[in-house]
Trainee: 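Handing you a structure now.
Labels below follow one simple rule: chain letters A, B, ... track the order of the sequence lines, proteins then strands, and each chain is numbered from 1. Just so it is clear, the model here is predicted, and its values are computed rather than measured.
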Amino acid sequence: QQQVKQSPQSLIVQKGGISIINCAYENTAFDYFPWYQQFPGKGPALLIAIRPDVSEKKEGRFTISFNKSAKQFSLHIMDSQPGDSATYFCAASMNYGGSQGNLIFGKGTKLSVKP
Amino acid sequence: SQTIHQWPATLVQPVGSPLSLECTVEGTSNPNLYWYRQAAGRGLQLLFYSVGIGQISSEVPQNLSASRPQDRQFILSSKKLLLSDSGFYLCAWSVGMGVDEKLFFGSGTQLSVL
C-alpha cells in the first residue's frame, strides 16, 4: 500500500515530441505528489509537484495531470529537448508529524530525447 | 542561499571496513535532514531522517546508523560494511511544513564495497 508504481522504465522520444511518464499509488492518505529530475552523477532535483485538490499543474513545458479517483498521476513534457534527457522519479507522501520528507519514490524512468 | 555539501563523491571500501559519510547544510537553520540510498533500478530508499539535533528516525533495519551532532550536520556511519551496502547515497534537507515542504538533495556519494 506504500508503493508508488512508475512506468515506463525507459522512454525514447524524438526532439519536439511529448514525453509521458505515469505513476499509480494505493494509499489514499497520500497528499503530496512531486516529480524529481536526476542527471547522471547528480542528486535529484524537484521539478514540479501537485496536491490532490487540483487535477493539473503546469510549469513551462512540464505538466502534472492528477486523477484522484484512479489514484494515478502523470508527467507530460511538451516539446521534449535533448537537455531533458535524465531519469525522472515520481513520489508521494502524506503529511504526518509535520514533515513531508518521508517520500515514497517510484523506481524511475530513464528518458532519452533524440535530436 | 541554501547549499548542501556531501562528501566524498566516490568511495571504494573493503568489506568489513567502517564508513563515515558527512553532509552539511548552509544558509538555513533547523532543517529536516535525510539520508537516502539509490540502487540501480530500485529508486530511492529513505534510510534515516532527523527533525533536530540528536533526533534520528530509522526507516529500514540495517547495519547503518546516522547521527546529527550539530543542527546542520548529518553523518551516516557503519562499523562493518557489507557488499550489499554498495550504492549511491544521497543526503537531503527540507524546510517548510506539509505540502509546502520541498526536498533538496546533495550531489551524492557513490559507494562501492569490494
Trainee: Checking heavy atoms, do the side chain of B/Gln38, its backbone, both or neither come under 4.5 Å from chain A?
Mentor: side chain
Trainee: Looking only at heavy atoms and a cut-off of under 4.5 Å, which of A/Gly43, A/Pro44, A/Gly41 has the most pairs with chain B?
Mentor: A/Pro44
Trainee: Counting only heavy atoms closer than 4.5 Å, note whether A/Gln6 contacts chain B via side chain, backbone, both or neither.
Mentor: neither
Trainee: Taking a hydrophobic cluster as the set of Ile, Leu, Val, Met, Phe, Trp and Tyr residues connected by side-chain heavy atoms closer than 4.5 Å, whether directly or through intermediates, do A/Val54 and A/Leu47 fall within one such cluster?
Mentor: yes
Trainee: Applying the 4.5 Å side-chain criterion to the ILVMFWY set and letting contacts propagate, would B/Leu19 and B/Trp7 be lumped into a single cluster?
Mentor: no
Trainee: Between A/Val13 and A/Ile48, is there shared hydrophobic-cluster membership here, with clusters defined by ILVMFWY side-chain heavy atoms closer than 4.5 Å?
Mentor: yes
Trainee: For residues B/Val51 and B/Ile53: do they belong to one hydrophobic cluster (side chain heavy atoms under 4.5 Å, members Ile, Leu, Val, Met, Phe, Trp, Tyr)?
Mentor: no
Trainee: Under the disulfide bond (SG atoms under 2.5 Å apart) definition, can you give me all pairs with a residue in residues 23-60 of chain A, not counting sequence neighbours?
Mentor: A/Cys23-A/Cys90
Trainee: Side-chain heavy atoms nearer than 4.5 Å, only ILVMFWY residues, links allowed to pass through others: does that put A/Trp35 and A/Phe66 together?
Mentor: yes
Trainee: Using a heavy-atom cutoff of under 4.5 Å, enumerate the residues of residues 68-93 of chain B that contact chain A, numbered in order, or state 'none'.
Mentor: B/Phe88, B/Leu90
Trainee: In Å, rounded to the nearest 0.5 Å, how long is the span from OH of B/Tyr36 to CG of A/Leu103?
Mentor: 4.5 Å
Trainee: Distance check, rounded to the nearest 0.5 Å: A/Tyr36 atom OH versus B/Leu103 atom CG?
Mentor: 4.0 Å
